[in-house]
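So that the names make sense, note that chain A is the first sequence line, chain B the second, and so on, each numbered from 1.
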Amino acid sequence: MPPTWTLLKLDPPRCRFKENKQANIVAMPIRLSQLFFRSLREDPVEAEVDSHKLLVRSSYIRRAAPGIYSWLPLGLMVKSKIEQIVREEMHNAGAQEVHFPALLPKEPYEESGRWEEYGDNIFRLQDRKKADYLLAPTHEEVFTLLVKDLYGSYKDLPLQLYQIQTKYRDEARPRAGLLRGREFIMKDAYSFDIDDEGLEASYQSQRDAYERIFQRLGLEYEICAADAGAMGGSKSEEFLAPSAIGEDTFVRSSGGFAANVEAVRFEVAEKVDSSNVPVAEVHHSPETPTIKTLVDFSNSNLSRHPDGEFTAADTLKNVVLKLVQADGKSRLVIVGIPGDRDVDQKRAEAWFGCDVEQATEEDFKNHPELVKGYIGPAKDGKQFLGLDTESKLEYLLDPRVAEGSHWITGANAREKHVYNLVFGRDFDADGIADIANILPGDPSPDGSGELELARGIEIGHVFQLGRKYADALGLKVLDENGKLVTVTMGSYGIGVTRIMAVLAEENHDDKGLIWPESVAPADIQVVPTGKDEEVYTVAERLTAELEQAGKTVLIDDRAKVSPGVKFADAELIGIPKILIIGKGLANGEVEIWDRVANNRQTVNVESAFYQLLS
RNA sequence: CCGGUAGUGGCGCAGCUUGGUAGCGCGCUUCGUUCGGGACGAAGAGGACGUGAGUUCGAAUCUCGCCUACCGGACCA
């Protein structure tokens with residue numbers, strides 16, 4: 001009986017390539033014997049995260065300089081596939097592609113103020129005439145000027161443009177391979193509208209496109225409310241890929257709330273009844289400059305009413321912060337937060353919109369009235385902190401501090417604390433400051449359950465820029481009444497190379513990468529093993545047939561390479577489906593290895609072929 | 001920017017304490033054997049020991065300076 005595979009009546013190997021008549025190019029299977037590829041058996045010493053290790057070990061990328069990578073053929077294939085998906089969905093959203101120089105003169109960035117703002121994070125250089133240039137870290141200015149150049153009427157809008165381009169930022173500390181590089185590829189889109197309704201519609205179309213893109217890429221993502229802060233925008237959302245190695249912290253609730261911690265705003269707690277709270281009382285509390293020592297002291301020297309132990313949550317911690325403006329000017333504020341919490345610096349900076357530092361010894365020297373460790377809002381029955389007091393120091397409260405609630409807090413004298421100090425009765429504040437860290441189990445601000453904290457990698461960001469750049473660069477159009485109006489803009493970014501790293505990070509095992517089908521360098525890897533010529537003949541035929549049927553194939557046609565090496569390399573490369581042709585062929589059998597499910601099944605040649613087509 | 005660690009063939013490392021012919025594994029080349037889990041034997045190619053100065057008859061090794069990289073942190077619309 002002849003082997004089953006002959007029943008397939010495969011075409012002879014003349015069809016090893018297929019012609020793409022439209023593009024007039026010839027597609028061929030990727031031959032590992034020809035591919036510029038060398039797998040590394042050991043992890044590169046500089047790589048810390050798995051995606052970085054595996055992408056280097058399997059010849060997708062090579063480090064060229066800190067945070068700068070060269071792209072090898074396999075890497076380019078994956079990158080192009082990601083870009084293609086992004087292009088298609090940008091097209092569906094109605095955006096048109098443009099391409100800008102990476103090397104730009106400084107003038108537009110001077111006009112927008114970012115030549116200064118960016119500081120050391122920008123790569124700067126000079127031409128032979130000593131004129132200043134930069135490697136674009138992002139292209140808002142150039143987009144804005146391009147539209148200003150050509151368009152001048154409301155009839156030209158709305159408009160959406162995008163680019164997929166290399167960007168440069170001189171990060172102080174590049175890390176984690178492609179996740180935070182100094183050269184990286186971003187898709188940036190911008191929308192231009194005449195009014196807020198238009199902007200809202202443009203924003204929504206990009207947001208929808210992002211959801212389609214990440215779904216097609218097989219990427220898990222969480223859409224988080226983000227802090228629009230420094231960009232001066234009104235609405236902003238981040239797409240975060242949940243990951244243990246993520247640099248962003250976000251919260252989510254079972255009821256669907258999700259936000260970057262910087263963007264969470266809590267409601268001010270409702271007033272509570274304080275009529276049963278005894279009068280405030282100052283106690284001598286030796287050696288209690290910290291919350292912990294204060295709680296311990298209280299528990300061993302005082303009894304709590306009705307009963308139970310004092311906890312850190314009963315204390316009010318008054319933190320002295322230094323707000324540093326961009327121009328270098330600074331001022332002190334004092335924020336009262338429940339003692340079981342700390343100041344979250346990122347939340348603080350988002351709240352105040354400037355740099356926030358801890359007050360220094362120097363600052364305390366300049367304010368001798370502040371007794372470190374014993375600071376409180378009131379002293380001797382009078383308000384002590386606040387703009388209208390003698391100290392003239394602004395005093396803000398955490399929103400959890402309810403009117404009527406009572407606290408243990410500093411009495412503004414060495415080793416003295418005051419008990420039962422009631423907000424609204426015994427002290428006041430200038431306002432609120434929602435800058436305390438969020439704890440797991442905190443109620444969601446929208447009432448949708450308890451908050452859970454998680455880490456994520458920012459893979460996309462959409463926001464409504466508004467008129468910041470249009471104002472700065474004078475992008476105006478005539479409206480239907482013939483009046484000049486400033487255009488309102490939206491900005492929508494996706495980190496292409498970062499997505500590749502995230503995909504590698506989320507799709508691998510200890511042996512190698514396992515790409516989602518949508519971005520794998522090929523659909524199928526064909527692995528002939530052994531030295532039997534028949535094996536190679538059949539492998540070539542199947543490859544040709546699969547290619548002709550529209551699949552892309554990587555064939556490991558390296559002669560004299562042992563099966564162990566071929567298997568190991570196949571695992572490393574990460575094409576999700578592997579077809580092994582080897583000793584079973586004598587019985588007309590081959591193996592299909594599903595890397596995702598990580599199982600192998602032996603099937604006859606014919607059904608293998610059809611199974612791989614599906 | 002702060003802190004830590006390290007620079008020796010393409011990659012991973014030893015050698016440095018106690019100065020004296022530069023070594024190992026992987027990879028690469030050739031020949032032969034092997035061929036379903038990173039095979040084996042034999043023979044090869046490949047090194048400014050980061051850099052500058054110093055000590056010494058002699059420096060990868062000792063001394064001082066510098067540079068660079070990696071890791072942690074700060075920072076990162």
Inter-nucleotide P distance (rC16(B), rU63(B)), Å rounded: 14 Å

rG3(B) - base-pair partner by Watson-Crick or wobble geometry, distances under 3.5 Å: rC71(B)

Sugar-phosphate, base or nothing in reach of Arg38(A), heavy atoms under 4.0 Å: sugar-phosphate

Ser202(A) versus Glu200(A), side-chain donor and acceptor atoms under 3.5 Å: no

Same-atom distance (C1') from rC1(B) to rA45(B), integer angstrom: 46 Å

Watson-Crick/G-U partner (both atom distances under 3.5 Å) of rG10(B): rC26(B)

Residues in contact with RNA chain B, drawn from residues 172-183 of chain A - heavy-atom cutoff 4.0 Å: Ala172(A), Arg173(A), Arg175(A), Arg180(A)

Side-chain H-bond candidate by donor/acceptor type, Tyr69(A) with His52(A), under 3.5 Å: yes

Sugar-phosphate, base or nothing in reach of Asp532(A), heavy atoms under 4.0 Å: nothing

Separation between the P atoms of rC13(B) and rG7(B), rounded to whole Å: 9 Å

Complementary nucleotide for rA59(B) - Watson-Crick or wobble, under 3.5 Å: none

Aromatic ring proximity Tyr203(A)/Phe463(A), centre distance under 6.0 Å: no

Gln601(A) and Glu591(A): side chain donor to acceptor below 3.5 Å: no

For rG52(B), the Watson-Crick or wobble counterpart (both distances under 3.5 Å): rC64(B)

Side-chain donor-acceptor pair present, Asp193(A), Thr488(A), cut-off under 3.5 Å: no

Base of rG38(B) paired with side chain of Arg57(A) (donor-acceptor, under 3.5 Å): yes

rG47(B) versus rC28(B) - spacing of their C1' atoms, nearest Å: 15 Å

Rounded C1' spacing from rU8(B) to rU61(B) in Å: 11 Å

Polar pairs (N or O, both sides) under 3.5 Å between protein and nucleotides 5-13 of chain B?
from	atom 1	to	atom 2	distance (Å)
rG12(B)	O2'	Glu42(A)	OE2	3.3

Nearest to side-chain heavy atoms of Arg41(A), which nucleotide of rC35(B), rC26(B), rG36(B): rC26(B)

Of the listed nucleotides rA39(B), rC35(B), rA69(B), the one nearest the side chain of Pro563(A): rC35(B)

Interatomic distance at P, rU17(B) relative to rA59(B), whole Å: 14 Å

Touch class at under 4.0 angstrom, heavy-atom based, for Ser491(A) against every strand present: nothing

Flag for Tyr469(A)-Arg114(A): side-chain donor and acceptor within less than 3.5 Å: yes

rA39(B) - base-pair partner by Watson-Crick or wobble geometry, distances under 3.5 Å: rU33(B)

Mate of rG19(B) where both pairing distances stay under 3.5 Å, Watson-Crick or G-U: none

Arg341(A) backbone acceptor or donor facing Lys317(A) side chain under 3.5 Å: yes

Separation of the P atoms in rC2(B) and rA39(B), to the nearest angstrom: 48 Å

Pairing partner of rG47(B) (Watson-Crick or G-U wobble, both distances under 3.5 Å): none

Rounded distance in Å between the P positions of rU5(B) and rA14(B): 16 Å

